[in-house]
Amino acid sequence: MVTMNKKNLEITFNYAACLFITFSFIIFTLSACKSLDITQDQIEPVPVSRTIADPGVKNADSLYHFFLSHCPNQNRLKAKKIAKIYIEECAAEGINSDIAFVQMCHETNFLRYGNLVKKEWNNFCGLGAINAEQPGLRFKTMQLGVRAHVQHLHAYGTTEDVILNNELIDPRYKYVRPRGKAPDIEGLTGTWAADRGYSDKLEKLLTELENF
């Protein structure tokens, strides 16, 4: 009986020791992770190209969180959806989704609008918005609105030999002459927009996006 009790005691002691070691390891690991305290500001920025016909590097989730950093009270489902659509539409036409997305954010004031274009028109880049008589084009769906935007960027950022993959729905595509007049965001100043600080505003947003 005595021998049996000693064995039981030894087994119990070993089991308790194993539990203590395991628990201590978990506590140490959690403490180490907490001490790192990795925040958004500490993430190493990922360079984003300023060339319109370059591929974007940010995924839809990064675009979404960038959007929310400026407009946290916006419709989150819509923000997620439009980020995904920009990735898809830009990939189809070989256009930089990072540039297209930040341009949308700038042109629509992060989907809050407020100028000539109305939010229900699915016009995400001020396409055709000139004055009160010509307030802008209207598209039936969000995807078609994004597609028209991407196609207009395609006209600015690529030359005649680069053709569209999707059916042309941008009615102002043909007016961009010469094709490829703006290979990068610098070229959009004075062409896409009369604002002399236009490219600087896009540059600021792209620099911010690099941290997401």
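Being a predicted model, the structure only gives us computed values, none of them experimental. In this chain, numbering begins with 1 at the start of the sequence shown.
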Step by step, would you call Thr207 with Glu203 a side-chain hydrogen bond (donor to acceptor under 3.5 Å, both in side chains)?
-> CA-CA 6 Å; Thr207 300; Glu203 173 65 32; 3.2 Å; yes
Check the pair Phe139, Leu127 against side chain to side chain contact (heavy atoms under 4.5 Å, CB included), reporting the backbone distance first and the verdict last.
-> CA-CA 10 Å; Phe139 300 94; Leu127 199 57; 3.9 Å; yes
Are Lys81 and Glu88 close enough, and set up right, to give a salt bridge (charged side-chain N to carboxylate O under 4.0 Å, His left out), and what steps lead you there?
-> CA-CA 11 Å; Lys81 182 178 180 180; Glu88 294 170 349; over 6 Å; no
Dump the intermediate steps for side chain to side chain contact (heavy atoms under 4.5 Å, CB included) on Ile82 and Val146, then the final yes or no.
-> CA-CA 8 Å; Ile82 199 169; Val146 173; 4.0 Å; yes
Steps toward side chain to side chain contact (heavy atoms under 4.5 Å, CB included) verdict (Val57, Asp98) | CA-CA 7 Å; Val57 298; Asp98 302 325; 3.6 Å; yes
Using the side chain to side chain contact (heavy atoms under 4.5 Å, CB included) rule, take Phe66 and Phe110 through it: C-alpha gap first, then chi angles, then the decisive distance, then the call.
-> CA-CA 10 Å; Phe66 163 76; Phe110 290 85; 4.1 Å; yes
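Under the 4.5 Å side-chain contact rule for hydrophobic residues, Met142 and Trp121 share a cluster. Both Tyr113 and Met104 are members of a single hydrophobic cluster when ILVMFWY side chains are connected at heavy-atom separations under 4.5 Å. Both Phe101 and Val46 are members of a single hydrophobic cluster when ILVMFWY side chains are connected at heavy-atom separations under 4.5 Å. At a threshold of 4.5 Å between side-chain heavy atoms, the hydrophobic network of Ile, Leu, Val, Met, Phe, Trp and Tyr places Leu111 and Val150 in one connected group. Ile85 and Ile169 fall into different hydrophobic clusters, defined by Ile, Leu, Val, Met, Phe, Trp and Tyr side-chain heavy atoms under 4.5 Å apart, directly or through other members.
Ring geometry for Tyr86 against Phe124 counts as perpendicular: the plane angle is over 60°, on a 0 to 90° scale with 30° as the lower cut.
Residue-environment remark: NZ (Lys80) stays at or below the threshold of 12 foreign heavy atoms within 6.0 Å. Summarising the local packing, NZ of Lys118 is surrounded by 12 or fewer heavy atoms from other residues, nucleotides or ligands at distances under 6.0 Å. Within 6.0 Å of atom CG in Asn75, more than 12 heavy atoms from other residues, nucleotides or ligands are found, so the atom counts as buried in its surroundings. When the shell of 6.0 Å around CD of Glu120 is examined, it contains more than 12 heavy atoms from other residues, nucleotides or ligands.
Distance check, rounded to the nearest 0.5 Å: CG of Asn122 to CZ of Arg147 gives 13.0 Å. Rounded to the nearest 0.5 Å, atoms CD1 (Ile185) and CG (Asp200) are 8.0 Å apart. Distance check: Asn73 CG to Arg112 CZ gives 9.0 Å after rounding to the nearest 0.5 Å. Between the CG atom in Leu188 and the CG atom in Leu202 there is a gap of 6.5 Å [rounded to 0.5 Å]. Taking OG of Ser49 as the start and CG of Asp184 as the end, the distance is 8.5 Å to the nearest 0.5 Å. Taking CG of Asn165 as the start and CD1 of Ile163 as the end, the distance is 7.0 Å to the nearest 0.5 Å.
For the residue pair Thr189 and Arg196, no side-chain donor N or O sits within less than 3.5 Å of a side-chain acceptor on the partner. A side-chain donor-acceptor contact under 3.5 Å links Glu208 and His70. Under the 3.5 Å distance criterion, with hydrogens and angles disregarded, a donor-acceptor pair is assigned to the side chains of Gln103 and Tyr198.
Exactly one residue among Tyr175, Trp192, Tyr173 makes a ring pair (Phe, Tyr, Trp, His ring centres under 6.0 Å) with His152. That residue is Trp192.
Side-chain N or O atoms of Glu93 include none that pairs as donor or acceptor with a backbone N or O of Leu164 at under 3.5 Å. In this structure a side-chain-to-backbone donor-acceptor pair under 3.5 Å is missing from Asp61 to Tyr64. Proximity of a side-chain donor or acceptor of Lys181 to a complementary backbone N or O of Arg177 within less than 3.5 Å is detected. Listed for the Arg138 side chain is no donor-acceptor partner under 3.5 Å among the backbone atoms of Asn123. Looking at Arg76, its side chain never comes within 3.5 Å of a backbone N or O of Leu68 through a donor-acceptor pair. In terms of modelled atom types and a separation under 3.5 Å, the side chain of Glu89 and the main chain of Gln143 share no donor-acceptor contact.
The shortest heavy-atom contact between Gly128 and Leu137 is CA-CG, 4.3 Å. Contact detail for Ile130 and Leu116: the closest heavy-atom pair is C-CD1, 3.9 Å. When every heavy atom of Ile52 is checked against every heavy atom of Leu153, the shortest pair comes out as CG2-O, 3.7 Å. In terms of heavy-atom proximity, Glu133 sits nearest to Asn131 at N-OD1, 3.0 Å. Heavy atoms only, all atoms of each residue included: Lys58 and Ser97 are closest at O-OG, 4.5 Å. Residue Pro135 comes nearest to Val117 through the heavy atom pair O-CG2, 3.4 Å, listed as atom of the first residue, atom of the second, then distance.
Between Ile99 and Leu206, the closest side-chain pair of non-hydrogen atoms falls below 4.5 Å. Gln151 is not listed as a side-chain neighbour of Arg172, based on a closest heavy-atom distance of 4.5 Å or more.
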